[in-house]
Amino acid sequence: MARKTNWFEDAVVYQVYPLSFMDLNNDGVGDIPGIISKLDYIKDLGATAIWFSPLYASPWNDYGYDISDYRAIHPAFGTMEDFDRLVEECKKRGLRVMMDMVLNHTSDQHPWFQAALRDKNSKYRDYYIFRPGRRRGGKLLPPTNWTSCFTGSAWARVEGTDDFYLHLFAPEQPDLNWENPAVRDEVADIMRFWLEKGVSGFRFDVFNVYSKILPLRDDRSLFVTHKGAKYFVDGPRMHEFLRELNDRVLSDFDTFTVGESYMPDPEHAHRYIKRESGELDCIFDFAHLTSDSVLGLKFLPKPFDLMRFRLGLLTPQTRYFRTGWNALVLENHDCPRSVCRFGIDTKRFRYEAATMLAVVTFMGWGTPFIYQGEELGLTNTDFRSVDEMKDPVSHFVYDMMTKQLHLPRGLAFRLIRYGARDHARTPMQWDDGPNGGFNAGAEPWQCVNGAYREINAAQDLQSDRSVYRFYQELLRYRRASETALRGETRLHLPKSRRMIVYSREKDGKRLLVVGNFSAGARTFRMPAGFDPGRMRVALSNYDGSTPAAQMTLRPYEAIVFEA
Ligand code: GLC
């Protein structure tokens with residue numbers, strides 16, 4: 001058993017989406033040598049670990065979240081030797097490596113699934129969830145009425161038979177049957193394989209849907225989306241499965257695990273991360289990122305709700321304090337760019353908003369996760385049509401909107417463009433050269449964001465108002481402050497409609513974090529118990545902020561006070 005050092009409590013994780021990070025061999029997709037060439041950039045930012053979105057062999061129906069070989073590197077990214085060198089180069093720079101574990105499903109091209117399809121009696125049949133369809137009035141219906149998280153039925157028919165298999169995501173992503181101990185043996189072996197290669201932790205993709213309530217049955221609730229969710233979210237054996245992974249593998253290493261949860265129930269969410277549970281170190285809770293969409297459906301925008309953002313961001317910090325750990329997140333490969341959300345006036349205040357969001361998010365309690373390009377304040381792409389978008393989900397939802405709901409195409413496209421995951425997946429903008437410096441000119445797999453001419457790393461680093469340098473300063477400050485790293489979070493001005501204000505407190509030291517979410521000047525009154533005469537500004541995205549009982553905050557101004 002390895003001693004758990006909880007190194008992640010002081011860590012800053014940078015997420016790399018390998019397809020779009022750096023294409024050194026100029027074939028249109030990013031690669032491992034490209035990543036290695038940019039490790040100093042990541043290190044200099046202040047990151048101490050990197051989470052790589054899937055680097056494994058995959059037919060890329062969901063760009064790597066459909067794995068066809070868990071022990072192989074996708075040839076377009078490089079070889080296993082390249083990967084070993086990547087780990088080595090990371091180590092040299094004090095960067096730990098975290099892998100993405102996509103274990104709810106495999107690719108339909110995985111040899112297990114191929115064997116299961118070929119032969120009903122193969123042992124691999126029970127690696128997946130096959131069921132006979134139901135005959136109703138001469139029609140063959142799927143085994144249950146569940147919907148896939150990517151639209152449509154969650155069941156696909158096996159060609160030439162009356163059997164179906166379950167896929168909670170795309171049809172090319174058949175769900176694994178976690179009830180089968182042989183599947184759990186495989187999973188344990190895969191994790192050990194990567195840990196023995198020197199990897200320090202995992203991000204578990206949609207982990208809380210591994211366990212389904214048996215026997216599978218129809219969902220009779222009136223919801224039209226997420227049908228079946230009550231039978232597959234936080235299922236009955238979830239906690240047992242996670243504990244088993246710890247007992248069998250994780251406890252032999254000093255790891256960090258973060259689970260990506262799908263609409264978790266608060267009680268279960270807490271149990272997953274309680275230290276005494278021995279399950280995960282923390283989870284991503286995206287409640288605050290649903291504050292500008294209806295029912296958390298990202299393609300149904302609604303006016304930004306700051307209340308919801310504040311609650312979503314701060315509730316895990318107060319709820320989990322002392323019992324577990326927390327993850328701080330604003331962007332990832334599934335979200336549009338943050339400076340283009342939350343009602344922000346991006347054209348006029350990109351720098352101010354990007355830095356304010358960083359302060360409000362990453363001065364909280366938990367491990368910061370920074371998504372590539374977020375540290376530059378990258379913006380959404382002005383896609384001209386859905387054909388320019390590569391994410392299958394954009395197409396599924398567009399088809400559903402136009403063909404089933406009969407929305408006009410223009411409207412459907414505008415909705416898709418608002419919430420599309422594609423915004424996060426355009427090539428990194430390194431400089432103003434061809435394709436934003438992503439490569440030497442070959443056509444990228446996903447079009448570049450035309451804004452790269454003005455917004456790119458080289459330009460940002462030269463600018464007086466550099467988002468990257470602000471992140472550096474913020475992360476440097478965090479690292480040096482026990483209060484920022486381990487202080488308790490307390491909410492202030494809970495009713496403010498324009499500001500988020502909270503404090504972090506430890507051993508008599510206090511920090512007060514203030515962020516103005518509006519494009520106008522706002523009056524801020526120091527909360528009770530804070531004496532402006534005994535405070536100083538530790539960090540701000542404007543010059544000349546001074547503590548006072550009443551202050552006028554400028555557009556998207558953010559301040560960290562030390563009290
Ligand atoms: C997670 C991933 C997302 C993927 C889905 C299915 O939500 O972040 O990119 O499409 O799981 O694996």
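Counting starts at 1 for both ligands and their atoms, following the listed order.
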Mutual orientation of the aromatic rings belonging to F369 and W51 [parallel < 30°, tilted 30-60°, perpendicular > 60°]
perpendicular
Pair Q173-S107, side-chain donor/acceptor within less than 3.5 Å
no
Under 3.5 Å donor-acceptor, R417 side chain and F383 backbone
yes
Compile the protein residues with any heavy atom at a distance under 4.0 Å from an atom of ligand 1; present them by chain, then by number.
D62, Y65, H105, F150, F169, Q173, R203, D205, V206, E260, H333, D334, R421, R425
Just by distance, with hydrogens left out, do E186 and Y70 show a side-chain donor and acceptor under 3.5 Å apart?
no
Any side-chain donor-acceptor pair under 3.5 Å between T426 and Q446?
no
Output all residues satisfying side chain to side chain donor-acceptor pair (under 3.5 Å) with R421, sequence neighbours left out; order by chain, then residue number.
D62, D334, D391
